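Only one structure is covered here, and it is reproduced in the block below.
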Amino acid sequence: MANMYSDDEYYDDEYSGYGHTGDPAMDRMEYTVPEPVKKFLQYFQDMIKEGNVYEINNLYENSFPKLTEQFFKTSPWPEAEDIAGYVADDPIFLNLYRELYFRHIYARVQGGPTVEQRFESYYNYCKLFNYILSADTPVNLELPNQWLWEIIDEFIYQFQAFSQFRSKLSKKTEEEIEILKRNPKVWNVHSVLNVLHSLVDKSNINKQLEVYNSQGNPDAVAGDFGRHSLYKMLGYFSLVGLLRLHSLLGDFYQAIKILENIELNKKSLYSRVPGCQITTYYYVGFAYMMMRRYADAIRTFTNILLYVQRTKTMFQTKSYQNDQINKQTDQMFVLLAICLVLHPQRIDESLHTTLREKNYADKINKMQRGELAEFEASYTFSCPKFLSPVPPAYDAVNFDADALHKEPLRLQLKVFMEEVQQQLMLPTIRSYLKLYTTMPLDKMAGFMEMPAEEFRNHLLAFKHKMKNVVWTKGTSGLEGEFQSGSEVDFYIDKNMIHIADTKVARRYGDFFIRQIHKFDELNRGLKKIQL
């Protein structure tokens with residue numbers, strides 16, 4: 001069986017120019033499925049039936065993209081009806097095949113999916129999740145974690161894409177608007193939330209994580225479904241999906257609360273899928289930033305960016321998943337830069353070096369100079385694509401069709417920019433405070449060219465803004481205690497400012513010891529190499 005299908009069995013080039021004529025009847029008559037694709041699909045189906053997860057993963061991650069490159073680079077894969085005969089009309093396989101078929105249309109086909117394809121993809125997900133969730137006993141299906149993560153990830157991405165699509169009314173024909181009006185339940189926010197919460201409940205994942213965190217055996221509370229790897233991992237990935245969904249809807253408190261049983265500050269056996277790991281930290285860090293918990297946001301971004309730096313060779317192969325990971329990494333560097341401008345603190349040397357590169361250094365310098373336009377541009381580049389949970393009023397006569405889909409972003413940007421404006425004076429105040437140990441309030445107000453009373457308000461704002469809730473212990477990311485994050489502290493006695501430098505002298509010892517260990521490890525590795 002293992003020899004039945006091989007990537008290298010490439011077929012003649014006559015098929016690689018295949019594309020739909022636009023008339024489904026003509027397509028079916030003219031189109032024959034290339035032989036290697038037939039063999040691949042039959043072997044893929046056999047492996048899924050056997051539950052050979054290792055081989056399914058290989059076919060999913062290597063063979064499918066290779067065949068896509070060769071035969072369907074910018075055109076759709078054959079429709080499920082065209083290949084049904086080769087896989088004995090196996091409903092589960094066809095369901096999974098359609099998931100890949102629609103995902104490919106979203107990612108690669110020029111012009112993207114039509115309204116009908118968006119609907120069909122939604123119904124296909126409903127079918128797949130119903131099959132998994134409505135069974136009385138766990139279904140006989142094993143899929144690799146990477147695929148399970150990407151099913152959840154793609155499900156939310158397509159919901160996000162649909163929400164944006166339906167809000168852009170100016171480019172719609174009347175027929176399209178009519179279809180959208182008639183189908184308010186398709187890609188409805190409640191049905192998406194319902195699927196994710198049902199997967200979380202079915203798998204008992206929260207109970208499992210609680211027991212796992214207290215060093216117990218998760219299987220003891222998992223139940224029949226939760227012990228099954230398919231349900232357990234879909235439950236876990238759905239928690240991350242809910243984090244993403246709540247963030248897209250602008251509910252940052254709920255976004256972090258949903259993960260309260262996931263220890264973000266520990267390496268977990270659940271986080272072996274890099275895409276899931278990076279998505280989790282991106283949205284958690286972003287939520288912390290919007291909640292003005294800058295120290296936690298900086299810690300979250302530095303943790304994941306160091307992980308990406310260590311494993312960056314994994315993300316160099318060309319695939320749309322890796323493109324997404326590389327884009328998210330870039331966004332996180334910009335978010336880290338924003339947080340460090342608003343809340344300066346020391347970070348890992350290697351990340352600091354990256355931020356000193358021209359692209360980021362320019363942004364940081366402009367933001368430090370208080371250029372609001374740069375804050376806006378950086379935020380707009382690095383924030384998620386916010387959504388409105390409700391469809392637009394299709395019948396409204398006087399509306400700005402363009403403003404509609406940008407409204408959620410404008411709202412979040414407004415909140416963020418208000419916070420930035422409140423902090424604009426702080427870098428200047430900080431630079432003056434660093435120069436003195438005592439200073440009359442009037443005199444420093446004179447340096448700042450403002451009335452003493454107004455300057456006193458700015459000093460109080462400095463005190464207030466530099467105090468953040470910071471996570472210290474516990475599983476929930478919402479826990480924490482108030483800490484001052486400023487490297488200078490001060491108090492005002494009558495009309496005199498007394499300043500204390502709280503900055504701890506830099507310790508170079510740790511840095512040298514780390515480098516010596518690295519060098520030692522490198523040396524041992526070199527000795528083992530046999531020439």
Side-chain angles (χ1 to χ4, degrees), residues 41 44-53 56-57 59-61 64 76-84 87-107 113 116-162 183 185-203 205 224-226 228-242 244-245 273 275-276 321:
L41 292 170
F44 202 6
Q45 180 197 18
D46 288 337
M47 291 302 98
I48 287 174
K49 272 187 177 164
E50 279 179 31
N52 183 342
V53 177
I56 296 170
N57 198 44
L59 295 170
Y60 173 75
E61 289 208 15
F64 186 79
W77 271 67
E79 288 188 20
E81 290 71 20
D82 291 334
I83 60 117
V87 292
D89 280 322
D90 177 346
I92 304 311
F93 180 78
L94 289 173
N95 222 197
L96 293 168
Y97 173 77
R98 280 193 191 96
E99 199 271 327
L100 296 174
Y101 166 82
F102 286 119
R103 197 194 303 183
H104 171 66
I105 289 177
Y106 271 86
E116 289 77 9
Q117 285 169 330
R118 290 171 192 272
F119 280 29
E120 281 171 34
S121 182
Y122 170 74
Y123 292 131
N124 189 59
Y125 275 120
C126 291
K127 223 186 221 172
L128 181 61
F129 291 131
N130 274 339
Y131 165 69
I132 291 168
L133 288 166
S134 60
D136 296 331
T137 54
V139 297
N140 183 22
L141 181 64
E142 291 280 354
L143 294 176
N145 289 350
Q146 183 73 33
W147 192 354
L148 292 175
W149 158 245
E150 280 164 11
I151 285 175
I152 297 292
D153 191 49
E154 183 70 15
F155 179 56
I156 295 169
Y157 166 72
Q158 289 188 18
F159 164 67
Q160 175 186 323
F162 185 80
N183 295 280
K185 289 213 159 54
V186 174
W187 287 117
N188 177 302
V189 67
H190 295 298
S191 51
V192 176
L193 282 166
N194 186 25
V195 163
L196 297 173
H197 280 293
S198 302
L199 288 166
V200 168
D201 295 344
K202 196 84 167 172
S203 62
I205 190 68
D224 291 346
F225 287 95
H228 193 293
S229 150
L230 177 88
Y231 289 90
K232 180 187 201 160
M233 294 319 291
L234 278 175
Y236 180 84
F237 295 144
S238 293
L239 286 175
V240 179
L242 285 163
R244 178 177 170 187
L245 197 52
V273 177
C276 172
Q321 290 97 332

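Everything numeric in this text was worked out from a predicted model, so none of it was measured.
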Quiz item: Taking side chain as C-beta onward, heavy atoms only, is Leu148 less than 4.5 Å from Tyr236?
Solution: no
Exercise. Please say whether more than 12 non-hydrogen atoms of neighbouring residues, nucleotides or ligands are located less than 6.0 Å from CG in Asn194.
Key: yes
Quiz item: With sequence neighbours excluded, what pairs up with Ser238 under the side-chain hydrogen bond (donor to acceptor under 3.5 Å, both in side chains) test?
Solution: none
Practice problem: Please report the closest heavy-atom contact between Val53 and Leu143, naming both atoms and the distance. | Solution: CG1-C, 4.2 Å
Quiz item: Is a side-chain N or O of Gln45 found less than 3.5 angstrom from the main chain of Val87, in a donor-acceptor match?
Solution: yes
Self-check item: Partners meeting side-chain hydrogen bond (donor to acceptor under 3.5 Å, both in side chains) with Asp153 (sequence neighbours left out)
Solution: Arg244
Quiz item: Which pair of non-hydrogen atoms, one from Leu141 and one from Leu230, has the smallest distance, and what is that distance?
Solution: O-CB, 3.7 Å
Self-check item: Sidechain N-carboxylate O distance under 4.0 Å for Arg103, Glu150
Solution: yes
Practice problem: Starting from the C-alpha separation in whole Å, work towards a yes-or-no answer on salt bridge (Lys or Arg N to Asp or Glu O under 4.0 Å) for Glu142 and Lys49. | Solution: CA-CA 9 Å; Glu142 291 280 354; Lys49 272 187 177 164; over 6 Å; no
Quiz item: Is any NZ, NE, NH1 or NH2 atom of the basic residue among Glu99 and Lys127 found under 4.0 Å from an Asp or Glu carboxylate oxygen of the other?
Solution: no
Quiz item: Sequence neighbours excluded, which residues qualify as ring-ring contact (aromatic ring centres under 6.0 Å, His included) partners of Tyr231?
Solution: Phe225, His228
Exercise. Sequence neighbours left out, what passes side-chain hydrogen bond (donor to acceptor under 3.5 Å, both in side chains) with Tyr122? Give chain and number order.
Key: Ser191
Quiz item: From Ser121 OG over to Glu154 CD, what is the distance, rounded to the nearest 0.5 angstrom?
Solution: 7.0 Å
Quiz item: Sequence neighbours excluded, which residues qualify as ring-ring contact (aromatic ring centres under 6.0 Å, His included) partners of Tyr97?
Solution: none
Exercise. Determine yes or no for a side-chain-to-main-chain donor-acceptor pair under 3.5 angstrom, with Asn188 supplying the side chain and His190 the backbone.
Key: yes
Self-check item: Phe44: ring-ring contact (aromatic ring centres under 6.0 Å, His included) partners, not counting sequence neighbours
Solution: Phe40, Phe93, Trp147
Exercise. Side-chain contact test, heavy atoms from C-beta onward, threshold under 4.5 Å: evaluate it for Leu239 versus Leu196 and give yes or no.
Key: no
Quiz item: Are the side chain of Asn52 and the backbone of Met47 linked by a donor-acceptor contact shorter than 3.5 Å?
Solution: no
Exercise. Specify the closest pair of heavy atoms between Gly235 and Ser203, including all atoms of both residues, with the distance to one decimal.
Key: CA-OG, 3.4 Å
Self-check item: Heavy-atom donor-acceptor pair, Trp187 side chain to Arg118 backbone, under 3.5 Å
Solution: yes
Quiz item: Could you state the interatomic distance from CD1 (Ile152) to CE (Met233), rounded to the nearest 0.5 Å?
Solution: 11.0 Å
Quiz prompt | Nearest heavy-atom neighbours spanning Cys276 and Val240 | solution = SG-CG2, 3.9 Å
Practice problem: Verify, without hydrogens or angle tests, whether Asn145 (side chain) and Val273 (backbone) share a donor-acceptor contact under 3.5 angstrom. | Solution: no
Quiz item: With side chains defined as the heavy atoms from C-beta onward, is the minimum distance between Phe64 and Leu59 less than 4.5 Å?
Solution: no
Self-check item: Pairwise side-chain contact, Ile92 with Val139, heavy-atom cut-off 4.5 Å (strictly under)
Solution: no
Self-check item: Centroid-centroid under 6.0 Å between Trp77 and Phe102 rings
Solution: no
